[in-house]
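Input: a single structure, listed below in structure tokens.
Letters A, B, ... are given to chains in the order of the sequence lines, protein chains preceding strands, and every chain is numbered from 1.
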Amino acid sequence: MVLYIRNQLMSPYDIYFRSFVALMALPPPDPEFVLRGTSAAVHTLHFSCAGQEPDFPILFSGSENGFVHVWNLKTRRVDTALDGHGRKSVYWVETLDAKDRLLSQGRDQRICLWDLAEGRTSVTDSVFTENVGFCRCSLLKVAQGRWLMAMAAKSLEEVQVLELPSKTSVCTLKPEVGAKLGMPMCLKLWQLDSGSQPWLLAGYEDGSVILWNLSMGKALSQLVCHQEPVMSLDFDSEKAKGISGSSEKVLSIWSLNEQQNLQVHKIHKLVNSGISDITIRSDKKILATAGWDHRIRIFGWKKMKPLAVLDYHTATVHCVSFSDHRNPTERLLAAGSKDHRISIWSIYTQT
Amino acid sequence: MAAAARAVPRALREAAAAFSAGGDVAAALGALRAALEAAGGAAALAERERAQYGAFLRRLVGNPDSLPAPQRQRLWRGFFAEAPAALGFPVLAEAVAAPGPGFCLTMVVETLEQFLQEGRLSALMWEVCQQQAQDRSPELQETLLSKIVCLPDHVSNKLQGKNPPVFFPQNYFPLLGSAIIQVLQKISDSLRGGLDCSISFVSHVLGKVCIHGRQKEILSVLVPHLTDVTKSDCIWQRICWRLVECVPDRWMEAVVLGFVQRASGADVLSRLLGNLVVKNKKARFVMTQKLLLLQYGYTTAVLQNVLGYLSLDSLRRALLIKVLQELLETWGSSSAVKHSPAEQQQYISKAILICLSHLKEPEIESCRQELLASMMAGVKCHLDSSLPQIRRLGMIVAESISLKINTDGPVLKFQYEEDNETRELKSLLVQTPPCSVVPSLPDDDRNERADAALPVVLESNEKPHRAAPVMPDEESDAELDSDDDLIPYDMSEDKELKTTKAPVYIRDCIEVLTGSDDVDKWDATIKALENLIQKNPAATREVSVELAKILLHLEEKTCIEGFAELRQRAQVAVLITDPIPVAQYLTSQFYSLNYSLRQRMDILDVLVLAAQEMSYPKIRGKNKHSGAQKPCIQLLPGSDSSKDWRRIVNERIKSKTRRFAKGQSEVKQDSVPNEFNSIAGHFFFPLIQNFDRPLSTFDLLGEDHFVLGRLAHTLAILMYLAVNAMAVTTMGKALLEFVWALRFHTDSYVRQGLLSCISSILLGVPTEHLLEDTTEELLETQSWLADVVEKDPDGDCRRLALQNLLLMENLKKKLETVPS
């Protein structure tokens, strides 16, 4: 009898609650935690979380004061601060396989290779790029112990591809004479599957994206998808679809067809202008953008369905990065901002 | 044969003798029957014998008892059944209407019922028609006519509810209608046979039925049939025209209105009526004057019927132009705009638009100047009106006229909100004149076309709505496995980023609002102002009047969403924070030079809103941005504010009335002192003081009557909100004087305001004070209200006045129950 009455009492509430949930979208989540202490604007982030116990997950951050910080995500503290770029801004960090071999690129026109094993913090090798731009490098592992790295070269419009660790130049990609592309702004090396030939997508100052064939050193397709310089791009080789952002109010989604031609697939309008970074999560389900409007936006990758707007930072967000946890439910999203903070989010981890 | 005929009168005489002397009635009747049979039936009797036979039947009705009992019924009925309809029917009907002694009602009624069911009404009328051709006495016809038409009334008078169904009007008149159709059929046959025939009796029947208010019953049978048979038969058309033409003038109006309302289209009407308007003065008056200019209750379809009918014949087209001129004259007359109800103005506007749709290029050419002149006059007085609906009507009609007369030049274009009403009005203009080229187009076709035309219009309306969801659909086919499993978070906060910060101090705000050219800063300031004022009352008080002044003169520099509301909220906040000086400032500015009407109305709105917030403390500070809870005050002159004002007042009147009637009192939720009470006078008196002093730029009693209307509404609300205040009696008195001075104002919006004032007084001022101090004024007001209820052209005014009278009645009742 008591149970019966309880049911009677509960059910209207239950109905109410359900309809409430159906009608009202949940408010966006807060950051899982926030990393403070870089004491400068954060320009780049890179996770290294694939290691197994007793390895702890690590986040590398490069900041404007030339330091690379190694964050222990278990203690949420800085383990080490690497000073190798003469206090010039660090705008790209990446690991070579293991977390103890780190590449960092700084405004001192150098790319350093760090040896971090066993507590060492020494630069073992470096490349002098002689490039004065802001273009981040792109790294692609082509074989065990062999990587390709694309970087903006000394001459303004060129892109150079090196083989690591040998530092031998594979090719130099020069646009046709009179193309007036401007500087390369962002690069993305990719290959269809390991062992096949690598490609390079490069976004340029004039707003176009070019697909380069590395073996021929030839531009295969050019797509003008922005009016302003392309600030960031990412590419999904499975779907042959990519996305790019600029200082405009739009995201441009383009696709690569069978004839290796780039085509605009869709234009997504944003509320505020300016995108500094775009990253597609490795499972190709969602993507994150870093906005000049202080906000991180999450979209579903298949249909560019807007999913969330994460509003935490108080200044331009410079970079977004997804973690490489083996367990998908632990995956994190990190964003670094001009407000010196790194926010760590756990979002859409269940899918 | 001749001998047999001679035998009839003899038998009649004998029968009559038998009745009066009490002889063997049965035998006499038997002889009579035999004689009649020999003469070839009662129908074949000559004139004299007919009269005698009629007298005999009358006798028979009066003395059913004198018949031998066993065959009484059969015999008696037999005589009536065999008698010619024109003889038997009047005798029976007469008997029902004025029964003599010893008369058997049931038998008479049963016989009559049988008569109707056998369909002998048509035989009756046909007989009369034939006789008419031979020129028979008009009185006889007149009596017969009234017997036919009034039969249901007479029978039901007698039977008092035990009436057989066939005598119910809703059964009888359709029966009569089908009888008429049969007669017309016979007439048409005989015309085709080359015989003349008079139709006037049928016309009389039709006319009389119509004037008795049975148009619906009879015409719902007649019109569809006539529509059908006149489609391609010119003899039937002629018959139909004659049928209507022969209706006497005194009944013409009813018949014509009936036809106009029931015809399914203008071309049908044209077939049924012919050139009636040209031939018959009465019909012309009804169709071109009464229906269009004097009455306004008919549907748009009726208007389309009438005007379409006028346009379908060259003789009638002259009338159409005349009608248009008269309509425009009424439309453009400022007195008509002021004094006639909105519904009528809408009706006339519709008529004008339909007329325009029927006019052809050369006709417009011929009267272009007149059209232009009346359009100009009309636009002016419509735009002067303070009712938004009237203004909009003026705009639509003027646009339409200018569209018609300026085929190549620039066209008038007004800004107004599109809604169903405007769309309906405009659709009247674009219709094609139906079937003027092919007048004999089949009816069904036309209907189909009309049906087809309707969805087209709807579709075009829907298009913008449909277009939106199409885009995402394109992709959904290609990628069925979508992101649907990813549930989006709330993204409503994702708005444009503001780069500038809002000021934190009131004085900073003043600086920005007066001097700054930085648009973003200005924008942020106006948005933050209300909050700042509420948070810093002390700082606000230091600069309250200055701030009020700035806000009053503030103009929108860039396009800011909701600027008017933001400014108003800030003004209200200032006024609440420092009521007395700011109210003094605002009320003084209301009557000073060099303000626009907009600003003056802003002042009124701010005063009302502030008064409202102060008198309801629980509203303050809570839910400021939910529009539903706030009193809605109109911000743009285009929208209909009077409704909101009135709604508020009406709601209160309703709640109060219930309270009086049921003797319940509302439970007060929390007792907080009413902040408005102590300062109500500062809001009220300065406003009411100066209304009759015209300034060079502002004349409340003259052409700025719209503001006067708003002022009246404002005073009504302030009065209501000041309930229980100390000054309320004085306020009530002053307000009564104000109302009294303006009670005959020509503008209905002002009158509505005044009536709201009366409501507020009745609700706000304590009853004892009201009766002690203002007895005479109240009595005067009551008689004025009674007058308004009866005579005011505006429906809302009438309703408000009625509510006021009800309130007064309640006051009186309350006094009676509580003897002082």
Quiz item: Taking atom OH of B:Tyr505 as the centre, does the number of heavy atoms from other residues, nucleotides or ligands within less than 6.0 Å exceed 12?
Solution: no
Quiz item: Take atom NZ in B:Lys535; do more than 12 heavy atoms of anything else shown fall under 6.0 Å from it?
Solution: no
Quiz prompt | chain B contact via A:Asn272 - which portion, at a heavy-atom distance below 4.5 Å | solution = side chain
Self-check item: B:Leu486 vs A:Ile286 side-chain heavy atoms within contact, under 4.5 Å
Solution: yes
Self-check item: Heavy-atom closest contact (B:Pro488 atom, A:Pro306 atom, distance)
Solution: CB-O, 3.7 Å
Quiz item: If contact means a heavy atom pair closer than 4.5 Å, which residues of residues 343-350 of chain A contact chain B?
Solution: A:Ile347, A:Tyr348
Self-check item: Which portion of A:Pro28 sits near chain B, non-hydrogen atoms under 4.5 angstrom
Solution: both
Self-check item: Close side-chain approach of A:Pro27 and B:Tyr489, heavy atoms under 4.5 Å
Solution: no
Practice problem: Determine whether more than 12 heavy atoms belonging to other residues, nucleotides or ligands lie under 6.0 Å from atom CD of B:Glu418. | Solution: yes
Quiz item: Roughly how far, to the nearest 0.5 Å, is the CE atom of B:Met491 from the CD1 atom of A:Ile298?
Solution: 10.5 Å
Quiz item: Counting only heavy atoms not in A:Gln227, do more than 12 fall under 6.0 Å of its CD?
Solution: no
